[in-house]
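As structure tokens, the structure follows; a few thoughts come after it.
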Amino acid sequence: MESGKSQKDLFEDLFSKALQSRIFINRELLSPDYVPQTLPFREEQLAKLASILSVSLKNERPNNVFIYGLTGTGKTAAVKLVFKKLKEKADEIKANVVAVYVNTRQKDTEYRVLAEVLDSLGVKVPFTGLSVSELYNRLFKAVQNKGSITIVALDEIDYLVKKHGDDLLYRLLRMNSELQRGKITIVGITNDLKLIDSLDPRVKSSLGEEEIVFPPYDAEQLKKILEERARLAFREGALSPEVIPLCAALAAREHGDARKALDLLRTAGEIAERNNDEKVETRHVEMARNQLEHDTVEAIVSTLPLHSKLILLATLKIIEEKGKATTGEVYSKYLDLVKKLGIEYITSRRATDIISELDMLGILDARVTSRGRYGKTKTITLQTSKEAVLKALLKDELIGAVINE
DNA sequence: CTTCCACCGGAAGTACCGGTAA
DNA sequence: TTACCGGTACTTCCGGTGGAAG
């Protein structure tokens with residue numbers, strides 16, 4: 001046992017180390033939630049969005065806006081920044097403007113999106129129990145009573161539309177024709193350019209009143225963005241000169257994703273700090289890349305329902321033997337596992353869906369291939385690190401019992 | 001050219017859960 | 001209390017299909 005004094009010193013040491021980092025000055029600046037005051041290389045898009053939405057200050061309804069751009073191209077940050085400035089101005093001149101940002105990947109049902117919008121209008125609703133049409137009624141009343149120009153940004157709507165169709169968009173847009181006071185404007189944000197074609201033509205024309213495109217950043221631009229943030233986030237001399245170009249290059253390879261670039265840089269810094277290293281080096285970036293991948297896979301896998309985990313485990317075992325798998329092989333392996341555990345099994349129809357879900361999550365790659373006389377099936381390969389998946393699966397005690405043959 | 005495998009994947013429905021309204 | 005709500009996980013049924021084998 002440690003004596004009281006040395007333990008106290010230990011904590012003292014740890015805490016003061018945390019307080020005076022030798023790497024960071026302000027790590028927050030690299031966080032994915034941080035909204036910078038300026039967005040380099042996005043001046044044009046910011047100006048366009050701001051000018052479209054500015055008419056709300058005169059109590060007029062701005063046009064609906066459709067924003068496209070791949071992940072990490074600054075769409076979300078741009079919308080949040082413009083909203084913030086708009087709200088400030090609206091407060092200043094007492095304009096009746098409400099601007100809500102909703103990420104439809106987090107609020108992934110019609111109900112939850114509406115609840116979020118209502119919340120920002122000051123109406124609290126229970127998180128379940130009401131019908132969706134009741135929420136529409138309440139939203140209508142809320143906008144009508146407040147008479148506000150209500151601007152709703154729906155981020156990642158491709159996600160919502162794929163899952164639940166474009167009903168939400170249609171009904172929100174149609175509400176305007178019945179409102180006597182107050183109006184609703186929608187800012188739709190998507191990274192799927194094909195989305196527009198799958199929309200109801202009425203929604204399409206109404207939502208597409210204005211369009212703003214966010215092109216990917218190139219490696220050079222990513223470098224400048226990182227440099228700008230790093231100047232304030234890191235201590236002087238804490239970054240070796242190759243670090244930023246490497247982060248920029250890695251992220252540029254993934255369609256110019258600035259968020260990825262910032263994640264890499266931040267995580268590399270954190271790793272260097274934990275190891276008590278003087279400087280962030282390229283090897284830290286490599287480790288960061290690994291860790292980020294590991295973390296996302298683990299987070300996804302560990303929250304999967306039991307049968308999804310079992311399907312995944314069965315797939316893993318087949319792939320271990322043969323390098324790739326088919327639906328039939330996976331399903332029969334899965335049946336073996338279930339038998340050993342003595343629990344109920346799901347049908348192969350459901351298994352097909354689970355494999356597709358795992359594909360969409362980016363854990364597996366499952367493509368339908370035809371083997372002629374030998375039928376049509378999904379050819380499945382692993383898309384992530386086997387270790388990360390196994391580690392996450394092992395957390396489940398039931399699976400731990402059956403993981404080794 | 002046709003056949004036919006081994007699945008694919010849409011549609012509709014069931015069961016359950018955690019919740020509200022009246 | 002009863003009736004109903006949405007979300008998730010799953011089932012049942014079944015028509016559909018790319019392309020190697022014949």
Side-chain angles (χ1 to χ4, degrees), chain A residues 102-119 123-142 154 156-157 159-172 194 197-198 200 299-315 318-319 321-322 324-339 341-361 363-381 393 396 398-399:
Chain A
V102 185
N103 183 314
T104 63
R105 187 190 280 263
Q106 284 149 24
K107 314 277 170 199
D108 61 349
T109 65
E110 210 177 344
Y111 188 99
R112 296 208 257 260
V113 170
L114 289 168
E116 183 77 8
V117 176
L118 277 162
D119 187 67
V123 181
K124 297 280 178 213
V125 288
F127 55 86
T128 178
L130 300 179
S131 70
V132 167
S133 49
E134 175 61 22
L135 288 208
Y136 280 110
N137 286 338
R138 293 191 187 187
L139 178 60
F140 184 85
K141 275 187 206 142
L154 300 172
E156 308 198 59
I157 41 171
Y159 204 74
L160 188 79
V161 169
K162 263 178 218 150
K163 236 174 144 181
H164 305 283
D166 52 14
D167 221 45
L168 173 78
L169 295 173
Y170 180 65
R171 295 178 75 166
L172 281 181
K194 286 173 290 180
D197 300 328
S198 63
D200 182 305
I300 293 168
V301 171
S302 55
T303 58
L304 251 27
L306 176 63
H307 290 286
S308 302
K309 285 182 182 168
L310 287 168
I311 292 284
L312 183 55
L313 178 58
T315 313
I318 304 270
I319 287 174
E321 287 171 39
K322 307 189 178 179
K324 60 186 164 80
T326 66
T327 307
E329 291 165 343
V330 168
Y331 187 63
S332 65
K333 191 77 173 178
Y334 159 82
L335 288 178
D336 285 354
L337 294 173
V338 159
K339 208 172 183 181
L341 289 168
I343 55 177
E344 295 285 303
Y345 60 89
I346 56 168
T347 57
S348 54
R349 177 68 186 85
R350 177 64 189 141
T352 307
D353 278 348
I354 289 178
I355 291 168
S356 302
E357 284 162 27
L358 293 171
D359 175 303
M360 279 207 289
L361 290 168
I363 297 172
L364 300 178
D365 180 276
R367 297 171 195 202
V368 288
T369 46
S370 179
R371 296 170 304 165
R373 170 108 314 190
Y374 304 108
K376 194 168 124 194
T377 183
K378 280 186 162 120
T379 303
I380 309 161
T381 51
L393 284 174
D396 191 309
L398 204 57
I399 288 180

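Naming: A, B, ... by sequence-line order, numbering from 1 per chain. Below, each value reflects all heavy atoms present in this structure, side chains not excepted, and no hydrogens, waters or symmetry copies.
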Measure from [atom1] on [X] to [atom2] on [N] and round the result to the nearest Å.
X	N	atom1	atom2	answer
A/Leu130	C/dC4	CG	P	15 Å
A/Leu114	C/dG7	CG	P	10 Å
A/Leu306	C/dC10	CG	C1'	13 Å
A/Lys376	C/dT17	NZ	P	7 Å
A/Lys378	C/dT17	NZ	P	16 Å

* Asked: Mapping A/Asp108 and A/Thr128 to their closest nucleotides on DNA chain C, which lands nearer the 5' end?
  -> A/Thr128

For residues [X] and [Y], report the shortest heavy-atom separation together with the two atoms involved.
X	Y	value
A/Ile355	A/Thr327	CD1-CG2, 4.0 Å
A/Leu358	A/Ser308	CD1-O, 4.3 Å
A/Asn103	A/Glu156	ND2-OE2, 3.2 Å
A/Ile343	A/Val338	O-CG1, 2.9 Å
A/Lys107	A/Val113	O-CG2, 3.2 Å
A/Ala325	A/Val330	CB-CG2, 3.9 Å

* Report the C-alpha separation of A/Arg350 and A/Glu357 in whole Å, then their side-chain angles, then the decisive distance to 0.1 Å, and conclude whether the salt bridge (charged side-chain N to carboxylate O under 4.0 Å, His left out) test is met. => CA-CA 10 Å; A/Arg350 177 64 189 141; A/Glu357 284 162 27; 3.1 Å; yes

* If you look at every strand shown and take non-hydrogen atoms under 4.0 Å, does A/Tyr345 touch a base, only sugar-phosphate, or nothing? -> sugar-phosphate

* **5' priority, DNA chain B, between A/Arg349 and A/Glu329 [closest heavy atom]** => A/Glu329

* To do: Go through the structure and list residues passing side chain to side chain contact (heavy atoms under 4.5 Å, CB included) with A/Leu335, not counting sequence neighbours.
  => A/Tyr331, A/Tyr345

* Using the test side chain to side chain contact (heavy atoms under 4.5 Å, CB included), find all partners of A/Asp108 that sit at least two apart in sequence or belong to another chain. => A/Arg112, A/Tyr159, A/Lys163

* Listed in order of residue number, which residues of residues 363-375 of chain A have a non-hydrogen atom at under 4.0 Å from DNA chain C? -> A/Ser370, A/Gly372, A/Arg373, A/Gly375

Short N/O separations, protein against nucleotides 1-3 of chain C, under 3.5 angstrom:
none

* To do: Under the salt bridge (Lys or Arg N to Asp or Glu O under 4.0 Å) rule, collect the residues that match up with A/Glu110, sequence neighbours excluded.
  => none

* Asked: Going 5' to 3' on DNA chain B, which nucleotide is the first and which the last to come under 4.0 Å of a heavy atom in chain A?
  -> B/dT3 to B/dA21

* Counting distance only, does the side-chain N/O of A/Glu134 pair as donor-acceptor with the main-chain N or O of A/Ser131 below 3.5 Å? -> no

